[in-house]
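It should be emphasised that the depicted structure is a prediction, and the values quoted were computed from it without experimental measurement. The sequence lines fix the lettering, A, B, ..., with proteins before strands; numbering per chain opens at 1.
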Number of protein chains: 2
Amino acid sequence: MHSQSRPLGEFDLIERFFKTGADAMHTGESAHITLGIGDDCALLKPPAGEEIAVTSDMLVEGRHFFAAANPELLGRKALAVNLSDLAAMGAKPLGFTLAIALPHVDTAWLEAFSKGLFAVAKQFSCPLIGGDTTAGPLTISITALGSIPSKKPIRRSGAKVGDDIWVSGTVGDARLTLAALRHEINLTDEDLQSIESRMHNPTPRVELGIQLRNIASSALDISDGLLGDLQHILKQSHVDAQIVLDQLPKSVTLQKQSMAIQNQFAASGGDDYEICFTAATQERNAIHGISKVLNLPLSIIGQIIPMKNEQATIHLLDEEKKPINTNEAATLLKSFDHFTK
Amino acid sequence: MHSQSRPLGEFDLIERFFKTGADAMHTGESAHITLGIGDDCALLKPPAGEEIAVTSDMLVEGRHFFAAANPELLGRKALAVNLSDLAAMGAKPLGFTLAIALPHVDTAWLEAFSKGLFAVAKQFSCPLIGGDTTAGPLTISITALGSIPSKKPIRRSGAKVGDDIWVSGTVGDARLTLAALRHEINLTDEDLQSIESRMHNPTPRVELGIQLRNIASSALDISDGLLGDLQHILKQSHVDAQIVLDQLPKSVTLQKQSMAIQNQFAASGGDDYEICFTAATQERNAIHGISKVLNLPLSIIGQIIPMKNEQATIHLLDEEKKPINTNEAATLLKSFDHFTK
């Protein structure tokens with residue numbers, strides 16, 4: 001896969017790239033990480049009165065990223081997508097483990113990958129605390145651990161009838177970037193540059209999650225497409241949603257596309273890593289305040305309504321708040337599935 | 001890789017095999033697992049005064065197991081090797097996450113794999129609490145979480161001059177099984193049957209680890225070969241060791257092989273998942289007591305001695321306690337390396 005390589009033992013490898021990077025963060029051991037890399041296990045102690053949140057994601061070459069993917073950005077993204085899960089729960093990052101299979105040892109690739117990985121780790125005070133390295137098809141599996149005050153986690157199951165449905169940032173740009181890279185859609189260089197970081201370098205909304213602890217009734221992060229992911233909230237909360245398609249927040253670049261593309265990519269594009277959450281209407285002012293403080297757009301895209309039949313359902317409305325026909329809706333609601341696409 | 005397959009979506013897949021299995025354990029939520037599978041994160045609360053131990057391992061097809069490996073045994077082993085890391089630290093299992101890449105959805109394979117996985121999970125009261133499923137070359141990444149009283153973890157760095165060096169069970173049988181399966185060594189069917197579970201179905205020494213909390217000065221689990229792994233203890237404790245090669249505990253089956261094979265496989269065979277630990281000599285009676293209670297042989301294989309030069313060194317002695325020549329020793333000390341073998 002990569003050009004420059006030289007023989008290097010497994011232990012050397014771990015030592016050189018990952019332990020060194022972890023040490024450089026000066027966060028190997030801290031108040032909450034009582035033991036970092038180098039033993040059979042790492043040890044964590046959550047702050048008093050808090051619980052540990054745990055999430056695992058796996059990224060596979062050719063499936064989640066191209067073989068030629070920029071390794072620095074890949075390192076950033078591998079950790080960011082896990083921090084996004086912590087954010088969706090309102091958890092503060094504590095540390096992470098990395099299990100990685102590498103086809104061979106490529107020092108240039110490893111240097112760039114660990115540079116990106118540790119940049120995000122440092123940004124979010126989330127040190128590498130352990131892991132595993134092996135030979136194999138390039139596969140990156142990260143488990144992130146965070147802490148959250150007991151009884152404060154933002155669950156998927158808490159949405160209430162009458163709640164607003166919110167989404168952070170904009171959605172659809174990662175999908176538009178993918179379409180451009182696949183030459184399915186032509187974008188000017190300028191337009192591509194304006195959005196491509198949304199695919200390659202997503203920003204986990206960690207601070208938003210923490211701010212929403214006492215405000216959101218439910219939340220999740222959008223990885224497989226906004227509406228598909230929203231269905232998890234509906235299912236677990238036993239409610240329906242009505243979504244005004246026109247209100248999905250889109251970048252200026254996405255807004256240059258046809259309405260069909262705009263709707264498709266914003267509704268079900270995937271890889272957005274924004275937070276979709278619900279909150280009572282009386283929280284609107286508080287949420288607008290958070291938006292201002294974080295300098296992050298937060299948009300209402302619809303409402304939680306009572307369940308109309310046995311199955312949690314999203315009712316899509318057009319700009320005049322009229323129902324959108326079933327066939328179009330079905331396409332928009334299709335979530336990304338790693339096995340069927 | 002496998003024959004029977006049918007299209008099945010990712011969410012269905014997770015739901016069907018893993019959530020169902022987790023639910024069947026009746027341990028989805030408990031005193032210490034406050035939230036199991038199905039949200040952005042799982043939530044854990046360690047027992048009062050205890051810390052969380054975390055370890056991650058990755059198993060790759062063709063590297064850690066054969067493509068034709070029995071999926072039930074593979075499910076058992078995937079979790080067992082992680083529990084072995086918890087055991088080496090003295091931690092009690094709390095739960096685990098599973099990230100798995102599958103080339104396609106094969107229901108028969110998944111049924112068998114999850115049967116094995118959940119059998120070990122149940123045996124050690126360690127429920128599945130989250131994870132990720134994706135398409136890709138068969139790769140299994142498990143992160144196990146345990147709990148341990150603060151200040152009680154058994155570190156690699158605690159070995160003291162004068163300590164005995166102990167090893168649990170026997171070593172070398174997994175390597176002998178591999179040699180037989182590769183037709184490098186001929187074993188009778190009876191002999192192979194007597195040892196092959198040591199490779200396919202290792203027993204994590206969880207109870208031993210817990211019993212050793214107040215007794216062992218250092219410990220680790222043997223995955224890459226006894227002497228190679230022991231060097232991690234020596235390096236982190238800044239000590240040397242003398243090991244009497246003849247005292248390595250070996251099965252009756254391994255003892256039928258030549259002395260050269262016996263020594264090689266016992267000293268550096270790998271995949272043993274026994275615990276190597278050190279303890280002060282005054283703990284011998286207590287340790288023999290633990291051995292009796294657990295019905296598990298525990299053998300003294302040598303002593304911790306002062307460091308003779310800058311590098312932590314294992315000094316190998318023959319049955320007359322005379323030093324073994326350097327070339328033979330070098331071969332025995334070679335640890336398994338996933339990238340150089």
Here the gap from A:Ile140 atom CD1 to B:Ser141 atom OG, rounded to the nearest 0.5 Å, amounts to 11.5 Å
When rounded to the nearest 0.5 angstrom, what is the spacing between OG1 in A:Thr139 and CD1 in B:Ile100? 12.0 Å
In terms of heavy-atom proximity below 4.5 Å to chain B, should A:Leu145 be classed as side chain, backbone, both, or neither? side chain
Closest heavy-atom contact between A:Val60 and B:Gly136? CG1-CA, 4.0 Å
If you define the side chain from C-beta out and look only at heavy atoms, does anything of B:Pro46 sit under 4.5 Å from A:Pro46? yes
Can you name the closest pair of heavy atoms from A:Ile154 and B:Asp39 and give their distance? O-OD1, 4.3 Å
Compare every heavy atom of A:Ala101 with every heavy atom of B:Met58, then report the nearest pair and how far apart it is. SD-N, 3.5 Å
Please classify the contact of A:Ala219 with chain B as side chain, backbone, both or neither, using a heavy-atom distance under 4.5 Å. backbone
Within a reach of under 6.0 Å around NZ of B:Lys92, are more than 12 heavy atoms found that belong to other residues, nucleotides or ligands? no
Which one of A:Ile33, A:Thr97, A:Leu94 satisfies the side chain to side chain contact (heavy atoms under 4.5 Å, CB included) criterion with B:Val54? A:Thr97
Measure distances from B:Gln236 to the heavy atoms of chain A and classify the residue's part below 4.5 Å as side chain, backbone, both or neither. side chain
Relative to chain B, which segment of A:Leu98 carries a heavy atom at a distance below 4.5 Å: side chain, backbone, both, or neither? neither
Checking B:Leu59 against chain A: side chain, backbone, both or neither under 4.5 Å from a heavy atom? neither
B:Ile52 vs A:Leu43 side-chain heavy atoms within contact, under 4.5 Å: no
Would you say the side chain of A:Leu44 lies within less than 4.5 Å of the side chain of B:Glu51, judging by non-hydrogen atoms? no
Test item: B:Asp85 side-chain N/O and A:Cys41 main-chain N/O as donor-acceptor pair under 3.5 Å: no
Chain A contact via B:Ala144 - which portion, at a heavy-atom distance below 4.5 Å: neither
With chain A, the option among B:Gly130, B:Ser84, B:Ala99 that has the most non-hydrogen atom pairs under 4.5 Å is B:Ala99
Mind ranking B:Asn82, B:Ile233, B:Thr143 by heavy-atom pairs under 4.5 Å with chain A and telling me who comes out on top? B:Thr143
Could you tell me which portion of A:Ser147 (side chain, backbone, both or neither) has an atom closer than 4.5 angstrom to a non-hydrogen atom of chain B? neither
Does B:Arg155 reach the side chain of A:Asp40, with side-chain heavy atoms less than 4.5 Å apart? no
